[in-house]
There are 2 protein chains.
Amino acid sequence: MRIGELAELTGVSRRLLRYYEEQELIKACRTENGYRAYSLETADRVRQIRGLLDAGLSTRAIKQLLPCLNGSKSIDIPWVAPETMEMLERERDGLTARIDVLTRNRDAIQSYLDRVAG
Amino acid sequence: MRIGELAELTGVSRRLLRYYEEQELIKACRTENGYRAYSLETADRVRQIRGLLDAGLSTRAIKQLLPCLNGSKSIDIPWVAPETMEMLERERDGLTARIDVLTRNRDAIQSYLDRVAG
DNA sequence: ATTGACCTTCACATCAATGTGACGGTTCAA
DNA sequence: TTGAACCGTCACATTGATGTGAAGGTCAAT
């Protein structure tokens, strides 16, 4: 599929799709005429990227995370560098911290709403 | 306390403390000579703001949320505009969506780590 | 009285994520 | 063959969160 269709499908502008490619979050083949060609799974990947961006992650962080999150299916994980593991642990802890802050604040909103409505 | 002390206490630069004031996230009185004077609780508030910013919220969203999150203690909630309630419900749902995305991805990292280490 | 450590405002710089639009090529249908 | 609807690159603009630093006021200690 070409970039316009992918943009339509995902709700992400062409400009941003090119940007994500530049940031190495997605890949695109090229047809003879130079047009980008995307596989269907790219749409899912773009949606995943949007979710993470909307959740406050940077493209840089996302770039680090995505390979691990998607390589899930492939069972061949023969060897992972210790630094990579440490990076992932740091990212995991960072996400956990974010989750905790957001959860606390969401619960505070909820209890405020409860008190007001009750 | 003055701005330098607050910055020291919270690890947030003077520049940003002024910025947060400009964005109406915190308030400061002024002493005769024009210096900002902060109450002690401001430090907690600043830490809360940092948490939310680090978790990916904008100052604009934080400005909307903070009054509700802190007015918690005061039991006098005589009347809340329906639009305010709706705004809070939207914010709550937004936070929940963020939390879900982050949780899914953290769990994916964790299971990757488990698989690699196992 | 001077110096150093504060403070003020203001303005300009930067970075990431995003928009907008110019200029030009490709393809397809009328 | 021409025009619409795509595509490409490139560059400049904007917004939000931040840094940096200039020019000047205040204050306390020397």
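Each chain gets a letter, A, B and so on, in the order its sequence line appears, and its residues count up from 1.
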Worksheet entry | Main-chain N/O of A:L25 paired to A:R45 side chain as donor or acceptor, under 3.5 Å | yes
Worksheet item: Would one find a side-chain N or O of A:R36 under 4.0 angstrom from OP1 or OP2 of D:dT9?
Response: yes
Worksheet, complete the sentence: Separation of D:dA5 atom C1' from A:I3 atom CD1, nearest Å, is 15 Å
Discussion item. For a side-chain hydrogen bond (donor to acceptor under 3.5 Å, both in side chains) check, start with the C-alpha distance between B:R50 and B:Y20, then their side-chain angles and the critical distance, and finish with the verdict.
Written reply: CA-CA 10 Å; B:R50 281 309 325 170; B:Y20 297 159; 2.6 Å; yes
Worksheet item: Just by protein heavy atoms under 4.0 Å, how would nucleotides 15-30 of chain D read 5' to 3' in B, S and -?
Response: -SBBBB----BBS---
Practice prompt. Round to the nearest Å and state the distance from B:R14 atom CZ to C:dC6 atom P.
Written response: 7 Å
Worksheet item: Residues in salt bridge (Lys or Arg N to Asp or Glu O under 4.0 Å) with A:D44, at least two apart?
Response: A:R47
Worksheet item: Say you draw a straight line from CD of B:Q48 to CZ of A:R104; how long is it, rounded to the nearest 0.5 Å?
Response: 9.0 Å
Worksheet item: How close or far is atom C1' of D:dC7 from atom CZ of A:R30, stated in whole angstroms?
Response: 10 Å
Discussion item. Can you give me the bend angle of the helix from C:dA1-D:dT30 to C:dA30-D:dT1? Use the axis through the first five pairs and the one through the last five, nearest 10 degrees.
Written reply: 20°
Worksheet item: Is there a side chain to side chain contact (heavy atoms under 4.5 Å, CB included) between B:V116 and A:W79 once you walk through the steps?
Response: CA-CA 8 Å; B:V116 169; A:W79 157 256; over 6 Å; no
Item to complete: Would you kindly give the CG-to-P distance between A:L17 and D:dG8, to the nearest whole Å?
Response: 10 Å
Fill in: Side chains of B:L65 and B:L57 in contact at under 4.5 Å (non-hydrogen atoms)
yes
Fill in: Interatomic spacing from OH in B:Y38 to CZ in B:R36 - rounded to 0.5 Å
5.0 Å
Practice prompt. Show your working on side chain to side chain contact (heavy atoms under 4.5 Å, CB included) between A:R106 and A:T103 and close with a plain yes or no.
Written response: CA-CA 5 Å; A:R106 183 201 46 188; A:T103 302; 3.9 Å; yes
Fill in: Gap between atoms CG and C1', on B:L6 and C:dC7 respectively (whole Å)
14 Å
